[in-house]
Amino acid sequence: MATLVSPPNFSANEDAEALRNSVKGWGTNEKAIISILGHRNACQRKEIRAAYEQLYQEDLIKRLESELSGDFERAVYRWILDPADRDAVLANVAIKKSNTDYNVIIEMSCVHSPEELLAVRRAYQLRYKHSLEEDLAAHTTGDMRKLLVALVTAYRYDGNEINAKLANSEADILHDAIKDKAFNHEELIRILSTRSKTQLMATFNKYRDDQGISISKALLDDEANDFQKALHTAIRCLNDPRKYFEKVLRNAIKRLGSDEDALTRVIVTRAERDLRDIKEVYYKKNSVPLEQAVAKDTSGDYKAFLLTLLGKED
């Protein structure tokens, strides 16, 4: 369930004019920007961008970039983009970090449907003139490269059929690999990157029934390396994205000074999808409403914008 509150009827031209008025002259009316863009879905935002360009021969995104700053500017920029294009930007930022942020790539690859992931790869190629997998391969090495490239190039079956015999045999393969600490086993990577999510649920459930422990817990020990952590992230994203995103938010808020990149990413990318469900998981886990935690940890226009996307009304 989404948290975004958008009107069923709106005028792209009127919104474009209001946004123009908010950025022309001295000063910027941030409240007007939040009240409009914070209540428009992806299709409506696309119409507003087109109307703005037609009316003023100017790119709305570039204009907002020049008018806003800091965390607020980054959040608005990522929100106003088409979802696939936004994910392409997020992927590129993650790849180009001095240490590639593999969690963002795994998240994208394992939470999205096959068609959504394909749309991100197309958007990435259009924006950067080379492929996502090409850039990923250039910035990673060894087992991590094998896993990440396999995940982003996957086109999983998206149906609900389950092969119980296959789930049994692949649960055994996963157990043997983990027991032998052969985390880079080709079969382990193949299973995680090719099987449908429904099939993987059956395999993970069989693993837990046979071993008395979930596969995600079995993967992590006191000496877990980055590759084990990457496998753990992939399994959590495939298994229960809501619990995964709750933990990303909790870690982002708990950090000294908070992790605005992660906080913005989850709220912006999930507001039109399942952020209401993530909020419920957050409250059950932390006994504090997510809006309250975000309000305490942020300030100014950035805070107002995130709270708007979280569905909190003034």
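Computation of the quantities below employed the complete heavy-atom set of this structure, encompassing side-chain atoms and omitting hydrogens, waters and symmetry-equivalent molecules. Here the structure is a predicted model, which is why all the values come from computation and not from measurement.
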Report task. Establish, from distance only, whether the side-chain atoms of R208 and N205 form a donor-acceptor pair under 3.5 Å. Result -> yes
Report task. Taking side-chain hydrogen bond (donor to acceptor under 3.5 Å, both in side chains) as the test, write out the residues that go with K181, two or more places apart. Result -> D221
Query raised in the report: How far apart are the closest heavy atoms of F204 and I215, and which atoms are they?
Result: CD2-CG2, 3.8 Å
**Report entry** Heavy-atom closest contact (A16 atom, L55 atom, distance)
**Finding:** CB-CD1, 4.0 Å
Requested in this report: Look at the side-chain heavy atoms of Ile, Leu, Val, Met, Phe, Trp and Tyr, link any pair under 4.5 Å apart, and say whether L151 and M201 land in one connected group.
Outcome: yes
Query raised in the report: Under the 3.5 angstrom rule, does the side chain of E272 hit a backbone N or O of T269 as a donor-acceptor pair?
Result: no
Requested in this report: Check whether any side-chain heavy atom of L249 lies under 4.5 Å from a side-chain heavy atom of R270, and answer yes or no.
Outcome: no
Report summary line: Between the CG atom in L192 and the CG atom in L147, the distance rounded to the nearest 0.5 Å is 7.0 Å
Query raised in the report: Between K285 and E246, is there a side-chain N and carboxylate O pair less than 4.0 Å apart?
Result: no
Query raised in the report: Has D209 got more than 12 heavy atoms of other residues, nucleotides or ligands less than 6.0 Å from its CG?
Result: yes
Query - E134 with K129: basic N within carboxylate O range, under 4.0 Å - result: no
Report task. Could you tell me whether a side-chain N or O of R156 sits under 3.5 Å from a main-chain N or O of R195, the two making a donor and an acceptor? Result -> yes
Query raised in the report: Does any N or O in the side chain of Q292 come within less than 3.5 Å of the main-chain N or O of P289, such that one atom is a donor and the other an acceptor?
Result: no
Report task. Decide, yes or no, whether a salt bridge links E53 with K62 under the criterion of side-chain N to carboxylate O below 4.0 Å. Result -> no
Query raised in the report: Which heavy-atom pair separates V152 from S109 by the least distance, and what is that distance?
Result: CG1-OG, 3.2 Å
**Report entry** Side-chain donor-acceptor contact under 3.5 Å, E17 with Y52
**Finding:** no
**Report entry** Other residues, nucleotides, ligands: >12 heavy atoms within 6.0 Å of K296 NZ
**Finding:** no
Query raised in the report: Less than 4.0 Å between a side-chain N and a carboxylate O, is that true for E107 and R265?
Result: yes
**Report entry** Closest non-hydrogen atom pair, A154 against S193
**Finding:** CB-O, 2.9 Å
Query raised in the report: Going by an N to O cut-off under 4.0 Å, is there a salt bridge joining R74 and D71?
Result: yes
Query raised in the report: Would you say F10 and L60 are hydrophobically clustered, going by side-chain heavy atoms of ILVMFWY under 4.5 Å?
Result: yes
Query raised in the report: Is there a donor-acceptor pair closer than 3.5 Å between any side-chain N or O of E14 and the backbone N or O of S11?
Result: no
Requested in this report: Would you kindly say whether Y77 and E65 are connected by a side-chain donor-acceptor distance under 3.5 Å?
Outcome: no
Query raised in the report: Are any side-chain N or O atoms of K197 and backbone N or O atoms of V111, one a donor and one an acceptor, separated by less than 3.5 Å?
Result: yes
Query raised in the report: Do the side chain of D87 and the main chain of V120 share a donor and acceptor less than 3.5 angstrom apart?
Result: no
Query raised in the report: Hey, quick one: are M144 and L132 part of the same hydrophobic cluster, counting side-chain heavy atoms closer than 4.5 Å, chains of contacts allowed?
Result: yes
**Report entry** Other residues, nucleotides, ligands: >12 heavy atoms within 6.0 Å of Q54 CD
**Finding:** no
Query raised in the report: Salt-bridged, D82 to R49, with N to O below 4.0 Å?
Result: yes
Report task. Please say whether more than 12 non-hydrogen atoms of neighbouring residues, nucleotides or ligands are located less than 6.0 Å from OH in Y128. Result -> yes
Report task. Answer with yes or no whether the side chains of T264 and Y302 bring together a donor and an acceptor at under 3.5 Å. Result -> yes
Query raised in the report: Any chance the side chains of T198 and S196 put a donor and an acceptor closer than 3.5 Å?
Result: no
Query raised in the report: Between R242 and D277, is there a donor-acceptor pair closer than 3.5 Å when you use the side chain of the first and the backbone of the second?
Result: no
Query raised in the report: Counting heavy atoms not belonging to E186, are there more than 12 under 6.0 Å from its CD?
Result: no
**Report entry** Atom pair CG/OG of L19 and S22 - distance to nearest 0.5 Å
**Finding:** 5.0 Å
Query - Side chains of D59 and R63 in contact at under 4.5 Å (non-hydrogen atoms) - result: no
Query raised in the report: Is a donor on one side and an acceptor on the other found under 3.5 Å between the side chain of T100 and the backbone of K96?
Result: no
Query raised in the report: Does any donor atom in the side chain of D176 or H185 lie under 3.5 Å from an acceptor atom in the other side chain?
Result: no
Query raised in the report: For residues Q44 and D15, is any side-chain donor paired with an opposing acceptor at under 3.5 Å?
Result: no
Query raised in the report: Ion pair present between E291 and K279, side-chain N to carboxylate O less than 4.0 angstrom?
Result: yes
Report task. Find the distance between CG (D297) and CD1 (I253) and round it off to the nearest 0.5 Å. Result -> 6.0 Å
Query raised in the report: Going by atom types alone, do N103 and T233 pair a side-chain donor with an acceptor below 3.5 Å?
Result: yes
Query - Inter-residue atom distance Q199.CD - N163.CG, 0.5 Å rounding - result: 5.5 Å
Query - Side-chain donor or acceptor of K243 paired with backbone N/O of V281 under 3.5 Å - result: no
Report task. Group every Ile, Leu, Val, Met, Phe, Trp and Tyr by side-chain heavy-atom contacts under 4.5 Å, then state whether I189 and M108 land in the same group. Result -> no
Query raised in the report: Quick one: does K229's side chain get under 4.5 Å of N225's, heavy atoms only?
Result: no
Query raised in the report: Are L117 and I95 connected, step by step, through hydrophobic side chains (Ile, Leu, Val, Met, Phe, Trp, Tyr) whose heavy atoms are closer than 4.5 Å?
Result: no
Query raised in the report: Looking just at side-chain N and O atoms, do Y124 and N92 make a donor-acceptor pair shorter than 3.5 Å?
Result: yes
Query raised in the report: Partners of N29 by side-chain hydrogen bond (donor to acceptor under 3.5 Å, both in side chains), sequence neighbours excluded?
Result: none
Query raised in the report: Does one side chain, of H175 or Q211, offer a donor that lies under 3.5 Å from an acceptor on the other?
Result: yes
Query raised in the report: Is the backbone of V288 close enough, under 3.5 Å, to the side chain of N286 for a donor and an acceptor to pair up by distance?
Result: no
Query - Polar contact flag, side-chain donor to acceptor under 3.5 angstrom, T153-E133 - result: no
Report summary line: On a heavy-atom basis, the closest approach of R40 and R45 is O-NH1, 2.8 Å
Query - Student check: side-chain heavy atoms of K303 and V294 closer than 4.5 Å - result: no
Report task. Evaluate the side chain to side chain donor-acceptor pair (under 3.5 Å) criterion for residues E115 and Y155: first the C-alpha distance (whole Å), next the side-chain angles of each, then the deciding distance (0.1 Å), finally the verdict. Result -> CA-CA 8 Å; E115 287 296 332; Y155 191 86; 2.3 Å; yes
Query raised in the report: Just how far is it from atom OH of Y282 to atom CG of L275, taken to the nearest 0.5 Å?
Result: 12.0 Å
